[in-house]
Engineer: 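Pasting a structure below so you can have a look.
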There are 2 protein chains.
Amino acid sequence: MPRPRTFDEQDVVDRAMELFWTKGYEGTSVTDLTAELGVHPGSLYRTFGDKHGLFLAALAHYRDSKARTLAPALLAGGPVLPRIRAVLLGWIEVAAEQDAPRGCLIANAAGELLPGDPAVACSVHEVLTVVEDGFRQGLEAAVRTGEAAATLDVPAAAAMLTMLLEGLQVIVKADPDPRRLVAAVDTALLGLASAR
Amino acid sequence: MPRPRTFDEQDVVDRAMELFWTKGYEGTSVTDLTAELGVHPGSLYRTFGDKHGLFLAALAHYRDSKARTLAPALLAGGPVLPRIRAVLLGWIEVAAEQDAPRGCLIANAAGELLPGDPAVACSVHEVLTVVEDGFRQGLEAAVRTGEAAATLDVPAAAAMLTMLLEGLQVIVKADPDPRRLVAAVDTALLGLASAR
DNA sequence: GCCCAAATTGAACGCGCGCTCACAAACTTG
DNA sequence: CAAGTTTGTGAGCGCGCGTTCAATTTGGGC
């Protein structure tokens, strides 16, 4: 019955996420969005309510397209601990390769909008929970295979890895030499292995 | 010869820091600043150049009044490792007690303004270096007293603790139960003690 | 006591922000 | 083909932002 959309909503959310990720929430104006996405303000507001709504959609998309991939990546088979290391080092490498590292969208959102934005606080917590859960699944597998010590406090270690990852993303944004953090990551991982 | 200031510049910077810390950079309007600080826009602009200049002054003040206290706190005498733990747990406690934790001004600034603001990037890196150096001094002392293993990679461990601290400050802003992170901090500290 | 440099003040500047709306176009359904 | 509903579009809304400036006040140095 109605006239169909001329744009793909998912695609728009994905590119909006990229913009917010790079330029921040306030740093990305509605004019920026309409220009880069090729979507008229009117369409954007009928679809997402307002700029804030689009941002929440971007955060949800980040959760599904980024955070949710952690667990599968860790459980892809073989030793888990090296995979955890590879994930952390991967972010360092990303930061080292681009001259303007944008860190983590979640850490950026938290830094910019919290406290003071309950909806964003909820989304941020949601994504962090997904990440932490990914680490937890990986660590549980590592304990099962004897890769990690049976005495390891898995939930605590998962939370630690999440903290480490987010802290890494913060530091990397201002560090002229991100690769020096590899040794720091390794130090943090020392306590996880069973060979102590 | 000239007419003297009616406000104390240091005091204004201190209160501006508090405002930026709580509400963020974009979230704090010049109107907010003039209202809360009791300083006319004209005076503010002649003293600090512009809003951005005032923000940089606030970051420098954060470095001197917060970050620089880390080393003395760790080296105040007695075992260092419990002091490191106390510092990290202190931030958790602060977050747990107030219902709207504001995290760390540096992590907030990085999240909001990086990449894209070279001056802020420089200030952020500067503060993080001070923090990391504080941890390094503490760890060196710990190694000297045998509290930490002689084989500990001190610079790497210092960087790890900085990452942990910043990550902690990010997570705490969205976490309904910050105190659960105590166990995570303890897990991270496991690898530092010499009793392995 | 007068001078003058610097500080305070009131008022307002232009700009870009997030956002809205009336109107025309497009597609499905009967 | 006509009806009906939702879409894209052009133009512009009011607001608050960061910022500026002429006029006035202030107080130390000669």
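Note that this is a predicted model, so its numbers are computed, not measured. Labels below follow one simple rule: chain letters A, B, ... track the order of the sequence lines, proteins then strands, and each chain is numbered from 1.
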Engineer: What's B:Thr28 touching, base or sugar-phosphate or nothing? Going by heavy atoms closer than 4.0 Å.
Structural biologist: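 Counting heavy atoms under 4.0 Å across all strands, the contact made by B:Thr28 is with sugar-phosphate only.
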Engineer: Without decimals, in angstroms, what is the distance between A:Phe7 CZ and D:dT7 P?
Structural biologist: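 Atom CZ in A:Phe7 sits about 8 Å away from atom P in D:dT7.
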Engineer: Which residue, A:Met17, A:Arg15, A:Lys23, forms the side chain to side chain contact (heavy atoms under 4.5 Å, CB included) with A:Leu19?
Structural biologist: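 In the set A:Met17, A:Arg15, A:Lys23, the residue that makes a side chain to side chain contact (heavy atoms under 4.5 Å, CB included) with A:Leu19 is A:Lys23.
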Engineer: To the nearest Å, how far apart are A:Phe48 CZ and D:dT7 C1'?
Structural biologist: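 Result: 14 Å.
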Engineer: Grab the CZ-C1' distance between B:Phe20 and D:dG18 for me, whole Å please.
Structural biologist: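 It works out to 12 Å between those atoms.
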Engineer: What string of B, S and - do you get for nucleotides 19-24 of chain D, 5' to 3', if B is base contact, S is sugar-phosphate-only contact and - is no contact with any protein heavy atom under 4.0 Å?
Structural biologist: BB----
Engineer: Take B:Lys51 and B:Phe20, measure what side-chain contact (heavy atoms from CB on, under 4.5 Å) needs, and give me the verdict at the end.
Structural biologist: CA-CA 11 Å; B:Lys51 183 189 175 185; B:Phe20 284 130; 4.2 Å; yes
Engineer: Tell me whether the OP1 or OP2 atom of C:dA6 has a side-chain N or O from B:Arg5 closer than 4.0 Å.
Structural biologist: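 No.
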Engineer: How close or far is atom P of D:dG18 from atom CG of B:Leu33, stated in whole angstroms?
Structural biologist: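 So the two atoms are 8 Å apart, to the nearest Å.
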Engineer: With side-chain contact (heavy atoms from CB on, under 4.5 Å) as the test, would you mind laying out the steps for B:Phe48 and B:Val12 before giving the verdict?
Structural biologist: CA-CA 11 Å; B:Phe48 300 102; B:Val12 162; 4.1 Å; yes
Engineer: Whole angstroms only, please: what is the CG-P distance between A:Leu54 and C:dC19?
Structural biologist: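 Distance, rounded to whole Å: 11 Å.
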Engineer: Is any side-chain N or O of B:Ser29 closer than 4.0 Å to OP1 or OP2 of D:dG16?
Structural biologist: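 Answer is no, no contact under 4.0 Å.
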Engineer: Could you tell me whether B:Asp133 and B:Arg136 have a side-chain N and a carboxylate O separated by less than 4.0 Å?
Structural biologist: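 Here B:Asp133 pairs with B:Arg136 in a salt bridge, since their nearest N and O are under 4.0 Å apart.
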Engineer: Over how many whole Å does the gap from B:Leu37 atom CG to C:dT9 atom P extend?
Structural biologist: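 That distance rounds to 14 Å.
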Engineer: What do the steps show when you test A:Arg102 against A:Glu18 for side-chain contact (heavy atoms from CB on, under 4.5 Å), and what is the final call?
Structural biologist: CA-CA 10 Å; A:Arg102 57 186 181 173; A:Glu18 295 291 333; 2.8 Å; yes
Engineer: Report the C-alpha separation of B:Val80 and B:Leu139 in whole Å, then their side-chain angles, then the decisive distance to 0.1 Å, and conclude whether the side-chain contact (heavy atoms from CB on, under 4.5 Å) test is met.
Structural biologist: CA-CA 7 Å; B:Val80 176; B:Leu139 290 171; 6.0 Å; no
Engineer: Could you tell me the separation between the CD atom of B:Glu26 and the C1' atom of C:dG16, rounded to a whole number of Å?
Structural biologist: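 Atom-to-atom, B:Glu26 to C:dG16, this comes out as 12 Å.
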Engineer: Nearest whole angstrom, please: distance from the P of D:dT6 to the CD of A:Glu9.
Structural biologist: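 Result: 16 Å.
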Engineer: B:Thr6 side chain N/O closer than 4.0 Å to the phosphate oxygens (OP1, OP2) of C:dA7?
Structural biologist: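 Answer is no, no contact under 4.0 Å.
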Engineer: Hey, are the side chains of B:Leu192 and B:Leu189 touching, using non-hydrogen atoms and a 4.5 Å cut-off?
Structural biologist: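 Yes, side chains in contact.
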